Amino acid sequence: MSDLLANLNAPQLQSVTLPPVHALILAGAGSGKTRVLTTRIAWLISTNQLGPQGVLAVTFTNKAAKEMTARLSSLVPINVRGMWIGTFHGLCNRLLRAHYREVGLPQSFQIMDSADQLAMVKRLAKNLGLDDERFPPRELCQFINAHKEQGLRAAQAEAYDSHTQKRVDFYVEYENQCNREGVVDFAELLLRCYELLQRNEPLRTHYQQRFQQILVDEFQDTNRLQYAWLQLLAGGGAKIFAVGDDDQSIYRFRGAEVGNMRDFERDYAGANIIRLEQNYRSHGNILAAANAIIKFNSDRLGKNLWTDAGEGERIRVFEGVSDLDEARFVIEEIRELIRDGMTPTQIAILYRSNAQSRVLEHELFTKAIPYKVYGGLRFFERQEIKHALAYLRLLGNPDDDTAFLRVVNFPTRGIGARSLENLQAAAHQTHSSLYNAAASLSGKAGQAVGAFIRLIESLRLETEKLPLPEIIEHVIEKSGLAEHYRTDKEGQERLENLDELINAAATFVDDDGVVMSVEGEGGALASFLAHASLESGEHQAGEGQEAVQLMTVHAAKGLEFDAVFITGLEQGLFPHENAVNEGKDGLEEERRLMYVAITRARQRLYLCSAQTRMLHGQTRYCVPSSFLGEIPESLMLRLNKRQKAAPAVPVFGDFGGGYAEPVVDGLRVGLTVEHAKFGIGVIVATEGRGADARVQVNFASNGMKWLALEYAKLTPV
DNA sequence: TGGGAGTGCTTTTTT
DNA sequence: AGCACTCCCA
């Protein structure tokens, strides 16, 4: 045990060895958060204060859950397999499988991923005759998810106007449809589980007594429902050990409530708050820059990172003439770093939005530097995989309309839109699933549909006794999927992916399958399908290869690199204009994003921007990011002088403007102007000439606006 | 049925 | 610019 606690610093040690109390650990970037979390569990178990079954540890991503499990098993000699360590969704799924009767779900209920959900919403909206202009399916999805994440059922949703009322009505229909089909979406997993615990007193008591210690990772990312879920489970005396960093909360847009951290402080008055502020990752100058930036945010819980690693290098700042120029600079520097012995994998290029990767990729490709872009299509999201899974889902649950529609005519079997319309009408009338309604369909179309039903039935019979991988293999072959992709000229890769799916199933049976099939009564197939929905799979080709890492700042959270390039540091891009338009909260989230980006770097950090950038097919003139102006000049090393004579335009401080040709009336990009209504702003882009001329102005208090010069009065300031 | 043309959108993303 | 999605025609 002394080993366990060796090399922990004072606050880490204090956190790990806290008595059974509620605690909030404010863990700064690179301060050993995961280590504290896992050591805490290990310490509790190895000192016999708690059995492994008394622990509930929650994370957001499968990756984090896996890492925690792996680290834990290296710390204590216990079987971590059966422990309740997982994602919110994974754990709720586990609970719901165990108690499917109590929540009124079919034994082998299916989980819809976002794409499935969108498909269902589209279908339903169409059937209900909703105008998709006024009610875009994506918005309807968001509406439903947002409500569920607030813990609100349709009956509790408030509607102040008729438009919202329509959406609430739709929410009702959606719930009904999900129940009819026996499917749940991601948010439903949580809400259903929450309601189960809330309403079922014996069950609640059971779990409240079982879990004595509830540990939460990345607490700043929890939404309201997740927090309520935790509170419910902790209602019987269990202690919550929440680890998080309010400065790294970057998922507000998907429902995360940083406010939960303050609420936690309040709700568990006397919660021990411990700050982990010693950073073991970055050199001093890098941390100083991060601290300087984040200080501009209000309402922080307060925390200042420090290091004893020394100042290190200054932060390199480069301003390119164009996005291409910026990319060339970045890639040239990378070549040098590699030449000097740095491992490509230890170099990361970060950007605010995915679209920015294109130019960078092009340059990397040209210079033959191996690179890897994160954040593409994931394994279980590929169409061929989704098709195969849809067949499998129909075997377990014929009422799954989404699955039915996905493959009823794939590969094509002459079932067109017409017959499907008839089928849907029939299903709607009898309140039954498409599969059920298919029996009633007559005529030529009925025959084709009938053949499909018989196919599914025979697949079910044929695979009944087979082990999981063979079921999948059989289905892929006999459904005609394999044949379809064999004849498709670009089907080779898809065939390989389908093989990979069979492999995945084989591994699944060996690993998780054993545990899952004990827990979940749905059998191996149902467990595997749940696994496929919950873990979209980071099976990226070329993993482990030496390659420069490209990703968005969001994707970089939790990672670290020797050298980091933050690119596109321009006003409107980073901070993003949409966020800026949202006001103070939006801007502060962007600032936290910048904070996350900076703190990824160990030794060397580059801040790059461009004076012009291709955006949406147009050249846009850019002003350097306001964040650059928030870093003390003394920490920075400017790598280049302005390449054009600066028109000496002060913009929000002293970090200079962009440059371009005058448009009309002496107005040009970079110029600060005043508008009677919108106030002071900076011209960011121009378009057209003469009477058609328009300028885009970034107003300090009103955000980005396009203005026609013919009408708008702009006076240079 | 399937492809070609026309249309519109475009921050971040996990489960 | 690029991509996804829809619509319409052969």
Side-chain angles (χ1 to χ4, degrees), chain A residues 58-65 86-93 111-119 122 126 132-133 136-138 141-142 145 148-149 184-191 193 217-218 221-223 225-226 249-256 323 350-359 362 374-378 380-381 383 409-419 448 488 530-538 551-558 568 572-582 586 589-590 592-594 596-597 613-620 704:
Chain A
V58 206
T59 63
F60 275 87
T61 64
N62 292 299
K63 201 173 146 203
T87 62
F88 278 100
H89 295 85
L91 294 171
C92 287
N93 174 50
I111 302 164
M112 290 191 287
D113 66 14
S114 323
D116 296 331
Q117 186 188 29
L118 185 64
K122 273 186 186 165
K126 206 171 173 185
D132 60 358
E133 301 258 298
R138 272 175 203 289
C141 272
Q142 282 168 15
N145 293 340
K148 289 190 181 184
E149 280 162 12
V184 297
D185 58 45
F186 285 136
E188 183 70 25
L189 282 172
L190 291 167
L191 183 52
C193 187
D217 191 19
E218 307 274 15
D221 287 337
T222 50
N223 61 35
L225 179 57
Q226 285 158 341
S249 162
I250 54 174
Y251 287 109
R252 196 174 70 110
F253 69 92
R254 65 172 200 223
D323 46 357
L350 308 183
Y351 34 80
R352 175 67 239 266
S353 61
N354 283 305
Q356 289 167 250
S357 74
R358 183 163 254 103
V359 202
H362 180 80
Y374 287 80
L377 197 57
R378 269 163 311 174
F380 287 113
E381 288 165 3
Q383 65 142 308
N409 199 33
F410 193 96
T412 51
R413 359 185 119 81
I415 302 171
R418 192 63 155 281
S419 7
D488 191 304
H531 167 81
S533 298
L534 289 172
E535 184 160 2
S536 36
E538 264 295 312
M551 64 191 86
T552 62
V553 181
H554 282 91
K557 196 173 96 165
L573 191 61
F574 195 4
H576 197 275
E577 67 180 85
N578 294 359
V580 175
N581 287 339
E582 282 171 30
E589 174 127 329
E590 294 291 301
R592 290 192 292 268
L593 205 46
M594 183 66 185
V596 168
R613 180 176 298 277
M614 281 297 274
L615 208 64
H616 311 327
Q618 278 185 321
T619 303
R620 194 154 126 171
M704 216 62 98

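Owing to the predicted nature of the structure, the values given are computational and were not obtained by experimental measurement. In what follows, every heavy atom counts, from backbone to side chain, and hydrogens, waters and symmetry copies are set aside. Sequence lines set the chain letters: A, B, ... in the order given, protein chains first and strands last, and positions in each chain run from 1.
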Has [X] got a side-chain N or O lying under 4.0 Å from the OP1 or OP2 atom of [N]?
X: A:Arg358; N: C:dC3; answer: yes
X: A:Thr412; N: B:dG2; answer: yes
X: A:Asn354; N: B:dT12; answer: yes
X: A:Asn578; N: B:dT12; answer: no
X: A:Thr552; N: B:dT13; answer: yes
X: A:Arg413; N: B:dT1; answer: no

For [X], report the nucleic acid contact type (base, sugar-phosphate, nothing); a contact means any heavy atom under 4.0 Å.
X: A:Phe253; result: base
X: A:Ser114; result: base
X: A:Asn409; result: sugar-phosphate
X: A:Gln117; result: nothing

Could you check how far [atom1] of [X] sits from [atom2] of [N], rounded to whole Å?
X: A:Leu189; N: B:dT14; atom1: CG; atom2: P; answer: 17 Å
X: A:Gln142; N: B:dT14; atom1: CD; atom2: P; answer: 16 Å
X: A:Asp185; N: B:dT15; atom1: CG; atom2: C1'; answer: 11 Å
X: A:Gln356; N: B:dT12; atom1: CD; atom2: P; answer: 9 Å
X: A:His554; N: B:dT11; atom1: NE2; atom2: C1'; answer: 8 Å
X: A:Glu381; N: B:dT15; atom1: CD; atom2: P; answer: 10 Å
X: A:Phe60; N: B:dT14; atom1: CZ; atom2: C1'; answer: 9 Å
X: A:His616; N: C:dA4; atom1: NE2; atom2: P; answer: 16 Å

Do [X] and [Y] touch side chain to side chain, with heavy atoms closer than 4.5 Å?
X: A:Ile250; Y: A:Val553; value: no
X: A:Glu188; Y: A:Met112; value: no
X: A:Gln117; Y: A:Asn145; value: yes
X: A:Val359; Y: A:Arg613; value: no
X: A:Ser114; Y: A:Phe186; value: yes

* Asked: If you measure from CG on A:Asp323 to OH on A:Tyr351, what distance do you get to the nearest 0.5 Å?
  ->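 Between A:Asp323 CG and A:Tyr351 OH, I get 14.5 Å after rounding to 0.5 Å.
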
* Asked: Is the ring of A:Tyr251 stacked on the base of B:dT13, with centres less than 5.5 Å apart and planes under 30° off?
  ->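 It does not: the ring fails the test against the base of B:dT13.
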
* Asked: Between A:His576 and B:dT11, do the rings stack, that is, sit under 5.5 Å apart with planes less than 30° off each other?
  ->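 The base of B:dT11 is stacked with A:His576 (centres under 5.5 Å, planes under 30°).
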
* Which nucleotide sits closest to the side chain of A:Arg378: B:dT14, B:dT11, C:dT6? ->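 The answer is B:dT14.
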
* Closest to the A:Ser353 side chain: B:dT14, B:dT12, C:dC5? ->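 Side chain of A:Ser353 sits closest to B:dT12.
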
* By nearest nucleotide on DNA chain B, pick out whichever of A:Asp113 and A:Leu593 is the more 5' one. =>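 This one resolves to A:Leu593.
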
* Whole-angstrom distance between B:dT12 and C:dC5, as gauged at atom P ->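 These two P atoms come out 16 Å apart once rounded.
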
